[in-house]
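See below for the structure under consideration.
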Amino acid sequence: MPKNKFQDVVYTIIMATIMVYGMVVYNVALNMGGVSGATFLAALHELPIMVPIAFILEFFIVGKIAKALAFTVVRPTDRPQFITYAISICICCIMCPIMSLVATILFKDTKTFGTWVQTWAMNFPMALLYQLFYCGPFVRLIFRSIFREKKEQNTSAAKSESKAA
């Protein structure tokens, strides 16, 4: 998990990109009546709009609120996995209605309260399951491999310098 602001930015960019892409593919598939190669290509067109929105919301607003809510249920001394799951669930509970509203305004033909509620209801189960079982673990794997390599490179460089001296 991120240990400083830079890592937090990198983590949030990766998470927003992969989460948004998966959810856009899901919504495009719903609109097209199924999944095909065209579904994955069509989803790419919404990424330049939706990823920055998701990043800004999560990084500056939702992440802080979600952590505060999660720690009303878990304690800092609990297992790190439980803390991660609690925060992920809280983020989904906040981000899903907001991003569904954004998608309703930007991409739906009918921009009514009912359309937003339906979009939210269709997205929430998918968002929660995708986050907990696929996207979250995958992003954490990517993040660990990026920052582990840098740590190992620094350790290798330090060992090389000490051997040279």
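Throughout, residue positions are numbered sequentially from 1 according to the sequence presented. Just so it is clear, the model here is predicted, and its values are computed rather than measured.
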Does the ring of F82 carry R79 above it, NZ/CZ under 6.0 angstrom from centre and within 45° of its axis?
-> yes
Any link between [X] and [Y] through a network of hydrophobic side chains (Ile, Leu, Val, Met, Phe, Trp, Tyr) touching at under 4.5 Å?
X	Y	answer
Y134	I89	yes
L106	L57	yes
L44	M32	yes
V74	L69	yes
I98	M122	no

Quick one, [X] and [Y] - any side-chain contact, counting heavy atoms below 4.5 Å?
X	Y	answer
Q131	L128	no
I18	Y130	yes
K108	N31	yes
I91	M15	no
M50	F107	yes
F59	K5	yes
F124	P97	no
T84	R140	yes

Return the [atom1] to [atom2] distance between [X] and [Y], rounded to the nearest 0.5 Å.
X	Y	atom1	atom2	answer
C90	Y85	SG	OH	15.0 Å
I146	Q7	CD1	CD	10.0 Å
D109	T104	CG	OG1	11.0 Å
I53	M95	CD1	CE	9.5 Å
C96	N123	SG	CG	5.0 Å
I105	L101	CD1	CG	4.0 Å

Carefully, step by step, assess S36 and T39 under the rule side chain to side chain contact (heavy atoms under 4.5 Å, CB included).
-> CA-CA 5 Å; S36 68; T39 310; 3.5 Å; yes
If you compare all heavy atoms of [X] against all heavy atoms of [Y], which two are closest, and at what distance to 0.1 Å?
X	Y	result
P52	L47	CD-O, 3.7 Å
C92	A127	SG-O, 3.6 Å
A29	V35	CB-CG2, 3.7 Å
A66	I87	CB-O, 4.1 Å
P2	Y11	CG-CB, 3.6 Å

[X] side chain to [Y] main-chain N or O, any donor-acceptor pair under 3.5 Å?
X	Y	answer
D8	N4	no
T110	T112	no
N27	M23	yes
T12	V9	no

Take atom NZ of K111 as the centre, draw a 6.0 Å sphere, and report whether it contains more than 12 heavy atoms from other residues, nucleotides or ligands.
-> yes
Please say whether more than 12 non-hydrogen atoms of neighbouring residues, nucleotides or ligands are located less than 6.0 Å from CZ in F138.
-> no
Give the ring-plane orientation class for F40 versus Y21, where under 30° counts as parallel, over 60° as perpendicular and anything between as tilted.
-> tilted
Kindly write out the residues that satisfy side chain to side chain contact (heavy atoms under 4.5 Å, CB included) with V10, not counting sequence neighbours, or none if the list is empty.
-> F6, I14, F147
